[in-house]
Amino acid sequence: MQERVLVVEDDASLLEVLSIGLEAHGFDVGLADGVSRAILEIQKSPPTIILADYQLRDGTAFDLLSW
């Protein structure tokens with residue numbers, strides 16, 4: 001079973017680079033560009049780990065963590 005990583009980053013180019021790198025190492029990657037989208041992704045398919053930028057367009061990583 002593939003481990004699922006949710007990448008939460010509001011910089012589209014960095015999000016793409018991280019996604020490509022993680023997929024190349026065999027991870028199933030979910031992508032989100034903010035807290036609200038990350039919550040939807042978590043509800044849809046819970047990840048094994050979340051890799052999140054601290055400052056996002058609609059909150060912070062702590063907002064996601066406290067959710």
Side-chain angles (χ1 to χ4, degrees):
M1 177 185 223
Q2 275 186 316
E3 299 293 332
R4 181 164 171 76
V5 177
L6 175 61
V7 180
V8 187
E9 171 60 61
D10 53 2
D11 179 325
S13 60
L14 185 53
L15 190 64
E16 182 179 358
V17 168
L18 291 170
S19 174
I20 291 168
L22 289 166
E23 287 175 349
H25 282 87
F27 292 98
D28 174 29
V29 180
L31 304 174
D33 62 358
V35 175
S36 57
R37 181 71 180 148
I39 291 170
L40 292 173
E41 285 294 317
I42 292 166
Q43 291 171 333
K44 182 175 81 173
S45 181
T48 305
I49 191 165
I50 299 171
L51 177 62
D53 184 13
Y54 175 73
Q55 186 64 50
L56 299 160
R57 61 179 176 74
D58 61 349
T60 68
F62 283 119
D63 296 327
L64 181 58
L65 182 61
S66 66
W67 171 82

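This chain uses plain numbering: 1 for the first residue, then up along the sequence.
- Judged by distance alone, with hydrogens and angles left aside, the side-chain atoms of Asp33 form no donor-acceptor pair with the main-chain N or O of Glu9 at under 3.5 Å.
- A heavy-atom distance below 4.5 Å is not found between the side chains of Val8 and Leu51.
- In this structure the side chain of Ile42 reaches within 4.5 angstrom of the side chain of Ile50, judged on heavy atoms.
- The heavy-atom pair separating Trp67 from Gln43 by the smallest distance is CZ2-NE2, 3.7 Å.
- Remark: the backbone N or O of Leu15 is not paired with any side-chain donor or acceptor of Ser19 at under 3.5 angstrom.
- Val5 places none of its side-chain heavy atoms less than 4.5 Å from the side chain of Pro47.
- Residues Leu31 and Phe27 are members of one and the same hydrophobic cluster, defined by side-chain heavy-atom contacts under 4.5 angstrom among Ile, Leu, Val, Met, Phe, Trp and Tyr.
- Residues Leu56 and Leu65 are members of separate hydrophobic clusters, defined by side-chain heavy-atom contacts under 4.5 angstrom among Ile, Leu, Val, Met, Phe, Trp and Tyr.
- Under the side-chain hydrogen bond (donor to acceptor under 3.5 Å, both in side chains) criterion, Glu41 pairs with Arg4, Arg37, Lys44, not counting sequence neighbours.
- The environment of Ile49 atom CD1 is sparse: at most 12 non-hydrogen atoms of other residues, nucleotides or ligands sit within 6.0 angstrom.
- For the pair Val7/Val29, a side-chain contact is recorded, criterion being any heavy-atom separation below 4.5 Å from C-beta on.
- Side-chain contact between Asp63 and Thr60 is present, with at least one heavy-atom pair separated by less than 4.5 Å.
- The environment of Glu16 atom CD is sparse: at most 12 non-hydrogen atoms of other residues, nucleotides or ligands sit within 6.0 angstrom.
- Considering every non-hydrogen atom in both Ala61 and Asp53, the closest pair reads CB-O, 3.5 Å.
- Put simply, OG on Ser45 and CG on Asp28 are 6.5 Å apart, with the number rounded to the nearest 0.5 Å.
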